[in-house]
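Some notes on the structure that comes next.
When a ligand or atom number is given, it counts from 1 through the structure's own listing order. As the structure is a computational prediction, the values presented were derived from the model and not from experiment.
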Amino acid sequence: MKEESLEQKIAQLKEWVDASDNIVFFGGAGVSTESGIPDFRSPDGLYNQKYDVPPETLLSHSYYVFNPEKFFAFYHDKILNAGAAAKPNIAHLKLAEWERQGKCRAVVTQNIDGLHQAAGSKTVYELHGSVLRNYCEKCGKFFDLDYIMKSEGIPVCDACGGRVKPDVVLYEEGLDQATIRGAVEAISNADVLIIGGTSLAVYPAAGLIDYYRGNKLVLVNKSETPRDRQANLAIHAGLGEVFSQL
Ligand code: CNA
């Protein structure tokens, strides 16, 4: 059987989107690459740059605990500075518009950059937390991104001197249960599930798509993923190219 063209696939997606009032979007780092934030696994992503210590280790809980200076040097340089000037792109903006129109029920994201909320989305399940929130490990005081950006070395609480930890889920750490519950409920009740900009390699996050029960599972990703064959519609293209036609 001849495979449909990109135009035909986008037309099919547009038809499903136009007809639905219960779209859920599940996304990853590829959603923000067109805002200038590198992802992890693309050829120019963080994992393909050379480090003495692999990024999975640098961003792990034990590394954070035992090597905080090096952790924060990497975190500042590669995570915070990379996103400092980023603005929402067409995919973030379209999803927020669909929410305002009552079409998109939730965005479930593995991203930690806050760009969905910056675009105006309200129901966003941040599976891996957010760089915008930071808490003192000793007294729990909240600190915004600016505080961490301006800190040098290990950020410390101005009230008690405790170490301030980004509210980001590091490797070896568990996901927030309430966030998972919200995401599972949205995905299991969705009519159209659009998965975009994720290699679907990071668990347990990637496993949440198994809760989808419908027959309009759409995958929009530049490269192939282990779940392409499960999708009712798999589109291998950039999100900007696809979303600008919806
Ligand atoms: P990943 O493993 O780096 O995969 C990204 C996927 O997106 C790849 O398969 C790419 O082919 C694809 N892709 C890249 N650009 C585009 C584009 N413009 N259009 C369509 N597809 C594209 O990232 P995952 O999110 O799957 O991995 C999960 C990690 C990455 C999470 O823990 C995130 O916190 C973490 N991360 C987040 C950010 C961010 O918040 N912006 C940045 C880098 C990494």
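- By heavy-atom distance, the residue among Leu219, Thr198, Asn89 lying nearest atom 26 (O) of ligand 1 is Thr198.
- For atom 15 (N) of ligand 1, the closest heavy atom belonging to the protein is Thr33 OG1, 2.8 Å.
- Within the structure, ring-ring contact (aromatic ring centres under 6.0 Å, His included) pairs that include any residue of residues 195-235 do not occur (at least two apart or interchain).
- Looking only at protein heavy atoms, the nearest one to atom 18 (N) of ligand 1 is Glu34 OE2, 2.7 Å.
- Using a 4.0 Å cut-off between a side-chain N of Lys or Arg and a carboxylate O of Asp or Glu, Asp210 and Arg227 qualify as a salt bridge.
- Below 30°, between 30° and 60°, or above 60°: for Tyr64 and His61 the angle between ring planes is between 30° and 60°, a tilted geometry.
- Side-chain polar atoms of Ser35 and Asn89 form a donor-acceptor pair below 3.5 angstrom.
- Counting heavy atoms only, His128 comes closest to atom 31 (C) of ligand 1 of the residues Lys222, His128, Glu224, Glu241.
- For Gln230, the CD atom counts as densely surrounded, since its 6.0 Å shell holds more than 12 non-hydrogen atoms of other residues, nucleotides or ligands.
- For the side chain to side chain contact (heavy atoms under 4.5 Å, CB included) with Met149, the qualifying choice from Val131, Asn81, Asp144 is Asn81, the only one to do so.
- Geometrically, ligand 1 and Ala29 share a nitrogen or oxygen pair separated by less than 3.5 Å.
- If you check which protein heavy atom lies closest to atom 9 (O) of ligand 1, you get Asn221 ND2, 2.8 Å.
- By the 3.5 Å distance cut-off applied to N or O atoms, Ile112 is counted among the residues near ligand 1.
- If you check the side chains of Asn111 and His116, you find no donor sitting under 3.5 Å from an acceptor.
- Between Leu239 and ligand 1, at least one pair of N/O atoms sits closer than 3.5 Å.
- Given atom 37 (C) of ligand 1, the protein heavy atom at minimum distance is Asn111 OD1, 3.7 Å.
- Using modelled atom types and a 3.5 Å distance limit, the side chains of Gln117 and Glu126 yield a donor-acceptor pair.
- Between Asp167 and Ser130, the side chains place no donor N or O within less than 3.5 Å of an acceptor N or O (distance only, hydrogens not considered).
- Among all protein heavy atoms, the one lying closest to atom 17 (C) of ligand 1 is Gly30 O, 3.4 Å.
- Gly238 counts as a contact of ligand 1, since one of its heavy atoms falls under 4.0 Å from the ligand.
- From the protein, the heavy atom lying nearest to atom 5 (C) of ligand 1 is Asp39 OD2, 3.4 Å.
- For the pair Lys141 and Tyr135, the cation-pi criterion (under 6.0 Å, within 45° of the ring axis) is not fulfilled.
- Taking a cut-off of under 4.0 Å to the non-hydrogen atoms of Gly28, the atoms of ligand 1 that pass are 25 (O).
- Atom CD of Glu152 has 12 or fewer neighbouring heavy atoms from other residues, nucleotides or ligands inside a 6.0 Å radius.
- For atom 34 (O) of ligand 1, the closest non-hydrogen atom of the protein is Gln110 O, 2.7 Å.
- The option from Ser199, Ala237, Ala201 that lies nearest to atom 6 (C) of ligand 1, judged by heavy atoms, is Ser199.
- Checking only distances, Val202 never comes within under 3.5 Å of ligand 1, N or O to N or O.
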Stepwise salt bridge (Lys or Arg N to Asp or Glu O under 4.0 Å) test for Lys87 and Glu34:
CA-CA 9 Å; Lys87 301 262 180 312; Glu34 293 178 43; over 6 Å; no
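- Each of the following atoms of ligand 1 lies closer than 4.0 Å to a heavy atom of Gly197: 5 (C), 6 (C), 7 (O), 21 (N).
- Residue contact check for ligand 1: Ser35 places no non-hydrogen atom closer than 4.0 Å to it.
- Listed by number with element, the atoms of ligand 1 under 4.0 Å from a non-hydrogen atom of Ser223 are 8 (C), 9 (O), 10 (C), 11 (O).
- Between atom 42 (C) of ligand 1 and the options Ala82, Pro38, Ala86, Ser32, the minimum heavy-atom separation is to Pro38.
- Taking atom 35 (C) of ligand 1 as the reference point, the nearest protein heavy-atom neighbour is Phe40 CE1, 3.5 Å.
- Qualifying side chain to side chain contact (heavy atoms under 4.5 Å, CB included) partners for Arg105, counting only residues two or more places apart in sequence or in other chains: Asp21, Asn22, Val24.
- Looking at Val169, Val31, Asp113, Ile79, it is Asp113 that brings a heavy atom closest to atom 41 (N) of ligand 1.
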